[in-house]
Amino acid sequence: MEKYVSKEIIAGIINFALILVNIMVVTIMWQKAGVPFNGAYTAVVLSSVLGTMVAVYYKTAVAVAPGIVVNSVLCYDLVICQGYTWQEAMTVPFLAGLLILFLVYANLHHKLISILPKYLETVIPASLGILLIYRGLVMGRLVIGDPFQVSAMGSLNDPLVIITIVSFVAVMIFLSSKKTQGLAVGLLVALVMAFINGYVEIPAYIFSVPEGFTDTAAQINFDRFFELLASVAVVFLVLLFDGLAVAKTMGENEAKLLRINGLGALLGGLFSGGAMSVAEVSAVGGYGSDNPAKISKVTVILLILLLFCGPMMMGLKDYPVIFAASVIGAGCYLLSDLKFLPINDNISVLAGVFTLMLVPLWGSLTSGIGFGLVLYYTLKMVNGIRKR
């Protein structure tokens with residue numbers, strides 16, 4: 001294909017296709033959190049456009065997209081469970097992005113990384129992956145509530161469960177060969193099955209002018225931001241380690257990737273698109289090109305076109321089961337390179353294990369990581385006193 005189309009265009013299309021699942025899933029999450037659907041769709045896509053334009057400025061072959069897990073924490077944990085408004089929740093990515101930018105421009109990020117417990121670098125993506133898999137299982141009705149225990153298996157007589165299982169198998173087949181395209185394939189399989197079973201219909205019109213921008217832009221509310229500082233800290237750590245991981249994978253400058261993450265999160269909070277960051281799957285489409293900015297430009301053009309495809313998304317919003325297998329696959333993708341706590345420090349292992357257990361049980365990334373850090377520093381202090 002490269003004989004007819006440049007490899008930069010191919011890579012840009014791949015980046016767009018791989019982040020499309022994130023955009024669709026996160027739009028529905030914010031709609032469930034109370035954001036008007038048209039406004040949520042426009043805000044998420046526009047934030048991705050602006051974030052990826054930052055990548056173009058830094059001449060980096062990456063795409064910026066909303067993180068499924070981080071936004072699920074904001075939507076489900078903060079808004080739906082704890083009762084914050086979505087306008088208040090947007091302060092979290094905004095402040096986390098500002099903090100990232102401050103540390104990078106003050107050249108303090110290396111010092112912070114050296115101070116933080118080493119186990120966090122492994123546990124944060126692992127916790128994100130486990131929480132994401134659990135959310136996907138619930139979305140796909142494979143895990144349901146039960147009056148006699150915490151949860152139970154969904155009924156195989158439910159046609160929506162069958163859609164989840166078939167699309168899940170498709171995703172796993174691709175991921176077992178380390179092909180991240182499996183996320184898009186799972187979505188396509190679920191979409192076709194939902195269409196065959198009459199859950200989804202072709203909309204009367206496919207394209208429309210973007211709507212709802214005035215309902216979401218600059219709606220951020222700082223009234224309760226002191227109460228959200230723990231969540232800001234967690235999102236900050238996710239953006240930090242996520243940027244470092246992508247930089248290491250692609251051989252890019254760490255400060256450059258962290259700046260993109262910081263600006264992306266700041267713009268996401270400002271325009272109500274949620275937490276934005278460099279998509280890990282961008283490493284798949286990088287290709288080591290001599291013109292990385294061209295890859296990002298292609299992705300930006302496709303994202304701008306996506307702004308006008310709201311009617312197609314509208315038909316999918318009532319069936320989150322369509323996205324369940326892709327959400328599960330994204331969680332597995334985060335866990336695929338996990339070397340289980342490769343640390344000789346017993347305190348780090350204990351803190352890491354409890355974090356991994358409590359994040360899905362409590363349904364809160366903030367609480368799980370917070371408990372692990374309190375346990376870590378408490379045991380360190382006690383051990384220090386004993387040695388003295």
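This one's a predicted model, so the numbers in the text were calculated from it and none came from an experiment. What you see below is based on every heavy atom in this structure, not just the backbone, and it leaves out hydrogens, waters and symmetry mates.
- Counting heavy atoms from C-beta on, the side chains of Val73 and Ser231 never come closer than 4.5 Å.
- A distance-only check finds no donor-acceptor pair linking the side chain of Thr91 to the backbone of Phe222 [under 3.5 Å].
- Interatomic distance, Leu99 CG to Leu239 CG, rounded to the nearest 0.5 Å: 9.5 Å.
- Distance check: Leu101 CG to Asn261 CG gives 9.5 Å after rounding to the nearest 0.5 Å.
- The closest donor-acceptor contact from the side chain of Ser48 to the backbone of Ala65 lies at 3.5 Å or more, if one exists at all.
- In this structure the side chain of Tyr57 never reaches within 4.5 angstrom of the side chain of Ser296, judged on heavy atoms.
- Heavy-atom neighbours of Arg141 CZ from other residues, nucleotides or ligands within 6.0 Å: at or below the threshold of 12.
- Put simply, Met24 and Ile304 are part of the same group of oily side chains (I, L, V, M, F, W, Y) that touch within less than 4.5 Å, one to the next.
- Within the 4.5 Å cutoff, the side chain of Tyr376 has no heavy atoms near those of the Leu350 side chain.
- Atom NZ of Lys297 has 12 or fewer heavy atoms from other residues, nucleotides or ligands within 6.0 Å.
- Pairing each heavy atom of Asn22 with each of Pro66, the nearest pair is ND2-O, 3.1 Å.
- Distance CG/Leu258 to CD/Glu254: 7.0 Å, rounded to 0.5 Å.
- Of all heavy-atom pairs spanning Ser47 and Gly273, the tightest one is OG-CA, 3.6 Å.
- By the rule that hydrophobic residues join a cluster once side-chain heavy atoms approach within less than 4.5 Å of another member, Tyr58 and Phe102 end up as members of one cluster.
- Between Ser272 and Gln219, the closest heavy-atom pair is OG-CB, 4.2 Å.
- Cluster annotation: Ile301 and Leu46 are assigned to distinct hydrophobic clusters (Ile/Leu/Val/Met/Phe/Trp/Tyr, side-chain heavy-atom contacts under 4.5 Å, transitive).
- Linking Ile, Leu, Val, Met, Phe, Trp and Tyr residues whenever their side-chain heavy atoms come within less than 4.5 Å leaves Val234 and Val374 in two separate clusters.
- Contact detail for Ile260 and Gly51: the closest heavy-atom pair is CG2-O, 4.3 Å.
- In terms of modelled atom types and a separation under 3.5 Å, the side chain of Thr52 and the main chain of Val64 share a donor-acceptor contact.
- In this structure a side-chain-to-backbone donor-acceptor pair under 3.5 Å is missing from Ser167 to Ala190.
- Proximity of a side-chain donor or acceptor of Thr42 to a complementary backbone N or O of Gly39 within less than 3.5 Å is not detected.
- Residues Trp30 and Ala89 share a closest heavy-atom pair of CH2-CB, 4.3 Å.
- Rounding to the nearest 0.5 Å places CG of Leu78 at 10.0 Å from CD of Glu88.
- Within the model, atoms CD1 of Ile133 and CG of Leu142 stand 12.5 Å from one another, a figure rounded to the nearest 0.5 Å.
- Residue-environment remark: CE (Met53) stays at or below the threshold of 12 foreign heavy atoms within 6.0 Å.
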- Message: Assess the residue pair Leu375 and Thr355 against the criterion (side chain to side chain contact (heavy atoms under 4.5 Å, CB included)); give the C-alpha distance rounded to whole Å, side-chain angles, the decisive distance to 0.1 Å, and a yes or no.
- Response: CA-CA 10 Å; Leu375 179 62; Thr355 301; over 6 Å; no
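- The distance from the CD1 atom of Ile220 to the CH2 atom of Trp86 is 10.0 Å, given to the nearest 0.5 Å.
- In this structure the side chain of Phe226 reaches within 4.5 angstrom of the side chain of Leu229, judged on heavy atoms.
- Side-chain contact between Tyr41 and Leu306 is present, with heavy atoms from C-beta onward closer than 4.5 Å.
- With hydrophobic clusters built from ILVMFWY side chains whose heavy atoms lie under 4.5 angstrom apart, Leu95 shares a cluster with Tyr105.
- Using modelled atom types, no side-chain atom of Asn221 and backbone atom of Gln87 make a donor-acceptor pair closer than 3.5 Å.
- Residues Ile19 and Leu303 form a side-chain contact, since some pair of their non-hydrogen atoms from C-beta on lies under 4.5 Å apart.
- Evaluated for a side chain to side chain contact (heavy atoms under 4.5 Å, CB included) with Phe271, the options Leu50, Val49, Leu266 yield exactly one hit, Leu50.
- The minimum heavy-atom distance linking Gly97 with Ala265 is given by the pair CA-CB, 3.9 Å.
- At least one side-chain heavy atom of Leu74 sits less than 4.5 Å from a side-chain heavy atom of Pro93.
- Between the side chain of Asn71 and the main chain of Ala275, a donor-acceptor pair closer than 3.5 Å is present.
- Using a 4.5 Å cut-off on side-chain heavy atoms (C-beta onward), Leu267 and Met276 make no contact.
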- Task: Go through the steps for Phe94 and Val232 under the test side chain to side chain contact (heavy atoms under 4.5 Å, CB included), then give the verdict.
- Result: CA-CA 9 Å; Phe94 182 86; Val232 171; over 6 Å; no
